[in-house]
Amino acid sequence: MHQKYAFKAVEEKWQQIWEKVKAFKVTEDPEKPKFYCLEMFPYPSGKLHMGHVRNYSIGDVLARFYRMNGYQVLHPMGWDAFGLPAENAAIKNNIPPAKWTWDNIANMREQLKRMGISYDWDREVASCHPNYYKWTQWFFLQFFKKGLAYKKASHVNWCPSCATVLANEQVVGGHCERCDTKVEKRSLEQWFFRITEYADRLLANLPKLTGWPERVKVMQENWIGRSKGAGLVFKSEDGHELRVFTTRPDTVFGVTYMVIAPEHPLVEELIKDKPQAEEVREFVKRVTAQDDITRTAADTEKEGIFTGAYAINPFNGEKVPIWVANYVLLGYGTGIVMGVPAHDQRDFEFARKYGLPVKVVVAPPGETLRGEDLEEAFPADGVLVNSGEFNGLSTKEAIAAVTKKAEELGIGQAEVNYRLRDWLISRQRYWGAPIPVVYCDKCGIVPVPEEDLPVLLPEDVRFKPSGQSPLAELEEWVQTTCPSCGGPARRETDTMDTFVCSSWYFMRYTDPKNSEKPFDREKVDYWLPVDQYIGGIEHAILHLMYARFFTMVCHDLGLVGVEEPFTNLLTQGMVTKDGFKMSKSKGNVVDPGYIIDSYGADTARLFILFAAPPEKDLEWSDQGVEGCFRFLNRVWRLAYDVDTRVRPYWDGTAPSNLSNDAKELRRKTHETIKRVTEDIKERFNFNTAISALMELVNSLGKYVAEADPKEAGPVVKEAMEALLLCLAPFAPHISEEIWSELGFEGSVHDRSWPEYDPAALVQDEVEIVIQINGKVRERLVVPKGASKEELEKAAFAANKVQELTNGKQVRKVIVVPDKLVNIVVG
RNA sequence: GCGAGAGUGGCGGAAUUGGCAGACGCACUAGACUUAGGAUCUAGCGGGUAAAACCGUGGGGGUUCGAGUCCCCCCUCUCGCACCA
């Protein structure tokens, strides 16, 4: 064994061996329990960053741990390879997106291999490969057949910088989730997935996801935003239907005006021939020009204008004015709201501003409220007043009664509304999976037949600096024949949102080479659900909700048995430096490649796991890395010492009368096994698992230096073996090298995870604490398991205790065996 | 404003069931080895004191023999949502 820890040689050696023998290849084995360990696949930007290192190091610990525990472990890796950066690079450097992407993949694959992550590389997928996106397109066709994919015109989010539309989920605070540009509204015809049809299931299943962080579930719940209420139909004087959604149908007698969203198509109808028409048009123009953030901020001043039209309240026949106002959104409910100022704070503010009447219809039991006296709305439950036949009912009763009445009159029904919108999946971009549809003058929208898939993305394209997709201008690609009538037709030139590609990759991993179908039912059912999914919190809504939706659809299509894809979810924290997320613009990026070159992959992995628990943010520390490097060097020196001095004697059996030091080391060994096992399996606290290993190394080092090698042999062997086995998931290369150098058999990674011996943990003696009035005054070493009486006696026998209790009255003595004695004196 | 989470040495963080606060690591200090030390080893390392006492887990109160941990009130920070009818 070399005296010096040559990490570079060690890591390269084992990486080559593992690759050659395909150490981490896995297949289905119904005899064994399975563990599907998945890390979110990366966008191939070209270089690994520390967030990746953290993500994959966490996953690799679990994968290796469960493998050693006898599981068939599926641990795959692939590439979320479509997306805009490839196009930007193409424009900037004149490299085709495909080449740029594949070069990046090659680089990053090399870096991952240098990290020593235990992937089954035979299962690698890349979403930009025709063998993959063929099936993405196939899914689109299945969705289309089921009516879950459809095209419609609507007001959509447009990112001027990305030159494409975005899904609602990809707009964060009015800005593009990707590039942070302010998003605009455009009226366009686009493809959607009908995710709203699954809103209830997506919501209902959330409580079942017990292995998910609470906050992710809350975020999804808020995003889906279910509210129960009623749909009611009002009519304008000239006969237009005004459908509203309300969560408070009980307040319908309190309606004193109606409000319609400025963008609502009905506005034009209502103001026709009205003297206010021009004024209203100008108002609409002004409001719609505002960006969404200002428009929807809670503190934006409510503004409105009377349309000149009136509506009739179907419940009491009252005639109320119809207004247009900025606080009503076209995108939620019906875009029309009944104004009940007495019981809704927004309506109240609006009514006060424009002098509209405030009519109280709900009051606290036994009290009277007067609309003109109110200083704010009364939104709480109460008893109905001024509401005709419904007077005297409670809010709850009235909601039911009014809804029922509306049904009888044929003017409404109970309704559930969602904040969730359908998923806009078209992108006006080139580097994505083409939507497999053609437009025929005769037949209209025609899906491409399954046997014609994939619709290949032409790779020989030229980019203009304008940022526009070159697909639309590629006439030879756009022009095609209609699969239905054979006549001339034009291809859809939009591609799919990359989140579509990433919504099913975890299923493809189970059968990545299948050319007949996206994946085999038996294989996917063997592996799914993913037992542990690991990734960043930024996907709490986006990817994680889309993937759940996709899995449900696949379930309904009979493609997979499960409805929920991810049993346990771990959201890792950010890697920061100087308190900020690492980013090029901040100039605080630490390159993993540099760390691996300078200290090795084992050190990099160890540091990133040791510095903080996985869910928390992790502050990068160059000195912390040094510390971990020093630790691995200590492990190496320890192994070297053991190899030269103890190993010749370690194959005998341990004497039955071990010295106290030897016993203590055995205890430490087994305690370490216990702690590391529990920290990995039950708590994901890799930082404390590593500190336990450090403690073992410290004890072992001390023992080896002091003990007689002949006596120490077997005990040291046991400790060393446990150390290497427990260290293997964290620092796989050095563990493997020392394992083999010390003459242990086979690969450390093929060995069973060690079990601790409870007998070795038992101590003959324990140190207990003697407290007086709750303060520690003395420590005593007593036989383990001593009785309460014995402990009390021993405590009072101690000099210090006698001194301090002398002349005082002992009021109470609390004895906790093997822990403490607390003497209360007064 | 609403919801979730957090607040412990100079720093990252431990403390799993209410029972020795600060494991482990970093930084720092002293010493050893050395031509040298940014290597390695030994010792120390919350504040305070000559040593003790004493003080100490964001602040205040409470329960308890005993509270970082449980309860109530408050402060600060982070994240999410925010005119959703």
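Naming: A, B, ... by sequence-line order, numbering from 1 per chain. Predicted model only: the values in this text are computed from it and were never measured.
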Taking for each residue the nucleotide of RNA chain B bearing the nearest heavy atom, is the 5' side occupied by Val816(A) or by Arg419(A)? Val816(A)
Rounded to the nearest 0.5 Å, the OH atom of Tyr703(A) sits from the CG atom of Leu696(A) at a distance of 13.0 Å
Would you tabulate the side-chain donor-acceptor contacts of residues 216-223 of chain A under 3.5 Å, counting partners in other chains and residues two or more places apart, or write 'none'?
unit_1	atom_1	unit_2	atom_2	d
Lys217(A)	NZ	Leu209(A)	O	2.9
Gln220(A)	OE1	Arg548(A)	NH1	2.7
Gln220(A)	NE2	Ala540(A)	O	2.9
Trp223(A)	NE1	Glu169(A)	OE2	2.9

Distance between P atoms of G68(B) and C74(B) (Å, rounded): 22 Å
Go through residues 321-329 of chain A and report each residue with a non-hydrogen atom lying under 4.0 Å from RNA chain B, sorted by number. Asn326(A), Tyr327(A), Val328(A), Leu329(A)
Atom of Arg675(A), atom of Ser691(A) and distance for their closest heavy-atom approach: NH2-OG, 4.2 Å
When you look at Ser227(A) and Asn417(A), which way does the side chain to side chain donor-acceptor pair (under 3.5 Å) test go after all the steps? CA-CA 5 Å; Ser227(A) 35; Asn417(A) 229 288; over 6 Å; no
I'd like to know if Asn822(A) reaches the base of C65(B) with its side chain such that a donor and an acceptor end up less than 3.5 angstrom apart. yes
Which atoms form the tightest heavy-atom contact between Pro262(A) and Val284(A), and what is the distance? O-CG1, 3.4 Å
Among A39(B), A85(B), C24(B), which nucleotide sits nearest the side chain of Met694(A)? C24(B)
Which nucleotides of nucleotides 43-57 of chain B have their base under 4.0 Å from a protein heavy atom (B), which only their sugar-phosphate (S), and which neither (-), written as one string 5' to 3'? -----------SS--
Would you state whether a donor and an acceptor, one from the side chain of Lys302(A) and one from the base of C83(B), lie under 3.5 Å apart? yes
Within the 6.0 Å centroid threshold, strictly below: Tyr599(A) and Phe607(A): no
State the dot-bracket string of RNA chain B. Criteria: Watson-Crick or G-U wobble, both atom distances under 3.5 angstrom; notation: ( ) intrastrand, [ ] crossing earlier pairs, | interstrand, . unpaired. (((((((..(((......[....))).(((((.......))))).((......))..(((((..]....))))))))))))....
Side-chain N or O of Arg243(A) closer than 4.0 Å to phosphate OP1/OP2 of A85(B): no
If you measure from the C1' atom in A27(B) to the same atom in A67(B), how many Å do you get, rounded? 31 Å
So, are Lys353(A) and Glu301(A) salt-bridged, with charged N and O less than 4.0 Å apart? yes
Let me check something: any side-chain donor-acceptor pairs from residues 333-345 of chain A under 3.5 Å, sequence neighbours excluded? List them with distances.
unit_1	atom_1	unit_2	atom_2	d
Thr334(A)	OG1	Arg243(A)	O	2.5
Thr334(A)	OG1	Ile336(A)	N	3.3
Thr334(A)	OG1	Ile336(A)	O	3.2
His343(A)	ND1	Phe378(A)	O	2.8
His343(A)	NE2	Val361(A)	N	3.0
His343(A)	NE2	Val362(A)	N	3.1
Asp344(A)	OD1	Arg346(A)	N	2.9
Asp344(A)	OD1	Arg346(A)	NE	3.1
Asp344(A)	OD1	Asp347(A)	N	3.0
Asp344(A)	OD2	Arg346(A)	NH2	2.5
Gln345(A)	OE1	Ala377(A)	N	2.9
Gln345(A)	NE2	Glu349(A)	OE2	3.3

Once each nucleotide of nucleotides 6-16 of chain B is scored for protein heavy atoms under 4.0 Å, what B/S/- sequence comes out, 5' to 3'? ------BSSSS
